[in-house]
Amino acid sequence: MRKISKVILVIGLFMLLLLFFFGMIATQQAVHLPFYLIPLAEYPWIGSSMNMFIFWLSAGFACFTILAIIVVLLFPKRSDCLIIKHQSGNLEIQKKALEHFVVQKAEETDFIHQPSAKIKIVKNKVSVKLDGEMKQTTDIAQKQERLVTDISGSLQQLFGVESNIQTEVILKDAETKPTTHEQPRVV
């Protein structure tokens, strides 16, 4: 997790903790505890402004919760298999099989080494991301374009002429990471 995500998450959780803490203080009369927390207005540096803070914090979390519910309900479902419906029956293709099919097509070329494919299946759309180490040649752009159209055409042929499945193929060059030295530079 990145640092900015951690900071935002910690701040949000701290504000939620404040909301819960002051909610416990406001409703402590409902439960008989062996100890007693002082009322909100008597806390130092807080006074009566805490009620307004709690109201707006609660309203903000309520809006965020409503938006989260809408996103969860409307977010498309990712699938591990693609189901193609025909008149004679249904064809179910696993995601791993499609990834292997794309990798085999990429290995047939001579300019890409160690290809790997990641496929996302959402409803009637198949998105393919192909990674690999590209061999630098003079006409690399044309070869990449040919490979992308070949893979897209092969997938459409695999799915069938009558299917309305959209395919998107993205080819990106894998970055080589610098090797780390195990020995110290200064002895």
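Small disclaimer: the values here were computed from a predicted structure and weren't measured.
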Tell me the closest heavy-atom pair linking [X] and [Y], and the distance in Å.
| X | Y | answer |
| --- | --- | --- |
| I112 | D131 | CD1-O, 4.3 Å |
| G12 | F61 | O-CZ, 3.6 Å |
| A117 | V102 | CB-CG1, 3.9 Å |
| K95 | I119 | CD-O, 3.2 Å |
| A106 | L147 | CA-CD1, 4.2 Å |

Any side-chain heavy atom of [X] within less than 4.5 Å of one from [Y]?
| X | Y | value |
| --- | --- | --- |
| V148 | L130 | no |
| I11 | V7 | yes |
| L98 | L155 | yes |

Report the distance from atom [atom1] of [X] to atom [atom2] of [Y], rounding to the nearest 0.5 Å.
| X | Y | atom1 | atom2 | result |
| --- | --- | --- | --- | --- |
| L16 | L57 | CG | CG | 7.5 Å |
| I121 | I93 | CD1 | CD1 | 8.5 Å |
| S127 | K118 | OG | NZ | 12.0 Å |
| C63 | L67 | SG | CG | 7.0 Å |

Salt bridge (charged side-chain N to carboxylate O under 4.0 Å, His left out) partners of K129, counting only residues at least two apart: none
State whether the number of non-hydrogen atoms from other residues, nucleotides or ligands found under 6.0 Å of [X] atom [atom1] is greater than 12.
| X | atom1 | value |
| --- | --- | --- |
| Q104 | CD | yes |
| Y36 | OH | yes |
| H100 | NE2 | no |

Cluster check [X], [Y]: I/L/V/M/F/W/Y, side chain < 4.5 angstrom:
| X | Y | value |
| --- | --- | --- |
| F22 | V31 | yes |
| F14 | L19 | yes |
| M15 | F64 | no |
| I151 | V103 | no |
| L74 | V72 | no |

- request: Assess whether side-chain contact (heavy atoms from CB on, under 4.5 Å) is satisfied between D150 and S154, documenting all intermediate values.
  value: CA-CA 6 Å; D150 182 38; S154 297; 3.7 Å; yes
- request: Verify side-chain hydrogen bond (donor to acceptor under 3.5 Å, both in side chains) between Q94 and E92, making sure each step is shown before the conclusion.
  value: CA-CA 7 Å; Q94 296 293 324; E92 184 175 318; 3.2 Å; yes
message: Just to verify, which of E108, E107, E133 counts as forming a side chain to side chain contact (heavy atoms under 4.5 Å, CB included) with P115?
response: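 Testing P115 for a side chain to side chain contact (heavy atoms under 4.5 Å, CB included) against E108, E107, E133 leaves exactly one candidate, E107.
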- request: Run through the side-chain heavy atoms of Ile, Leu, Val, Met, Phe, Trp and Tyr, join any pair under 4.5 Å, and report what else lands in V10's cluster.
  value: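 Besides V10, the cluster holds no residue at all.
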